[in-house]
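Bear in mind the structure is a predicted one, so any value in this text is a computation, not a measurement. For the numbers below, each heavy atom of this structure counts, side chains included, while hydrogens, waters and symmetry mates do not. First listed ligand is number 1; within each ligand, the first listed atom is number 1. Position 1 is the first residue of the sequence; numbering continues from there.
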Amino acid sequence: MIEEFFRTKNQKIIYIREARVEDADRLHAFYKLVTSETEYLITCSDEVLSSSEERALIKIYEKLFNRLYLIAFHGSDVIATLKIAGSRRKRMAHSGELSIAVKKDYWNQGIGKKLMEIGLSWARNILERVELNVVDINKRAIALYEKLGFNLEGIKKNAVKLSDGYHDIYMMAKLF
Ligand SMILES: CC(C)(COP(=O)(O)OP(=O)(O)OC[C@H]1O[C@@H](n2cnc3c(N)ncnc32)[C@H](O)[C@@H]1OP(=O)(O)O)[C@@H](O)C(=O)NCCC(=O)NCCS
């Protein structure tokens, strides 16, 4: 079971642990908020999972050996999450898709990097490849992923339509 405390760049104490079923309501509220704060999360706030769907998802993560769902808390508030979803298909079970979101008030304090480091050290023992998708203008995320050893594998042209028009999606991956 992963459980860690972490001090942010501005001295906040953050507690990181794996998601539990009883977190579902707080996670639903967290995703409602973060999806309204940025367009870099492709999901819109009216598309986030309901609490009961979130509960079902956590159960799947708990059951599958190649999945990890981390939550970062400040006090009792959920302030960030990281998921690595290994494939359910046997021929791709060595490969996982990573997604991460940090609440806007907490950006640039090292929380994303810390979650990624914990997630990647877990993945190193379980998976052989971690992949992700990122919008071309999400410079903070791209810089973080490159720093942690992700490489660009391909570009999906005009794959997403944001408020200022079409954008490319970068497919990035890290192989262990
Ligand atoms: C992207 C995200 C996960 C990063 O998490 P974070 O906690 O803000 O990031 P960190 O503070 O750990 O690290 C960010 C790094 O990028 C750097 N950075 C910030 N803005 C940057 C920019 N415009 N260009 C390049 N680098 C930048 C920071 O200096 C920092 O590097 P350092 O640790 O060497 O100082 C977070 O900002 C977030 O959730 N954003 C909205 C949702 C999102 O984009 N999710 C990812 C979708 S693929």
Side-chain angles (χ1 to χ4, degrees), residues 2 4-19 23 26-49 54 57 67-75 77-86 95-123 127 129-175:
I2 294 170
E4 257 189 55
F5 286 93
F6 163 69
R7 191 185 291 272
T8 65
K9 286 181 185 170
N10 56 359
Q11 308 303 316
K12 292 192 179 84
I13 302 293
I14 303 298
Y15 171 56
I16 297 170
R17 65 157 169 79
E18 288 174 51
D23 299 319
R26 281 189 289 187
L27 285 167
H28 170 72
F30 167 78
Y31 290 120
K32 274 272 177 204
L33 176 70
V34 290
T35 51
S36 67
E37 289 179 332
T38 175
E39 285 189 308
Y40 296 158
L41 293 168
I42 304 303
T43 304
C44 295
S45 64
D46 58 355
E47 296 168 344
V48 301
L49 298 184
E54 190 64 46
L57 185 75
R67 294 207 175 185
L68 177 70
Y69 196 156
L70 291 178
I71 306 179
F73 295 91
H74 184 215
D77 288 345
V78 174
I79 54 127
T81 60
L82 174 137
K83 281 183 261 192
I84 301 178
S95 182
E97 179 157 357
L98 183 147
S99 56
I100 182 167
V102 179
K103 219 166 155 175
K104 197 168 191 173
D105 285 348
Y106 292 83
W107 287 0
N108 277 323
Q109 296 179 30
I111 297 164
K113 187 175 177 195
K114 183 66 188 177
L115 277 175
M116 294 281 299
E117 285 171 349
I118 297 173
L120 291 173
S121 83
W122 169 87
L127 300 169
R129 170 191 163 87
V130 174
E131 59 188 36
L132 57 84
N133 291 311
V134 58
V135 180
D136 57 1
I137 49 170
N138 192 353
K139 300 298 178 205
R140 181 184 301 107
I142 293 167
L144 180 61
Y145 302 149
E146 282 175 343
K147 240 177 269 182
L148 292 169
F150 282 78
N151 292 309
L152 182 66
E153 291 195 325
I155 299 178
K156 295 194 232 183
K157 301 300 289 181
N158 287 355
V160 61
K161 252 194 245 185
L162 304 184
S163 50
D164 66 347
Y166 292 98
H167 284 278
D168 298 343
I169 296 267
Y170 290 178
M171 296 180 287
M172 300 182 78
K174 179 180 173 76
L175 276 67

Worksheet item: Are F6 and I111 close enough that some pair of their side-chain heavy atoms sits under 4.5 Å apart?
Response: yes
Worksheet item: In chain order, what residues pass the side chain to side chain donor-acceptor pair (under 3.5 Å) check against H74, with sequence neighbours excluded?
Response: Y106
Fill in: Sequence neighbours excluded - salt bridge (Lys or Arg N to Asp or Glu O under 4.0 Å) pairs with any residue from residues 101-116
E4-K114
Fill in: V102 backbone acceptor or donor facing W107 side chain under 3.5 Å
yes
Fill in: Contact residues of ligand 1 (heavy atom under 4.0 Å), by chain and number
K9, T38, Y40, L41, I100, A101, V102, W107, N108, Q109, G110, I111, G112, K113, N133, V134, N138, K139, R140, A141, A143, L144, Y145, K147
Worksheet item: Which one of I2, I84, I100 satisfies the side chain to side chain contact (heavy atoms under 4.5 Å, CB included) criterion with L70?
Response: I2
Worksheet, complete the sentence: The complete set of salt bridge (Lys or Arg N to Asp or Glu O under 4.0 Å) pairs with one or both residues in residues 148-158, sequence neighbours excluded, reads R129-E153, K157-D168
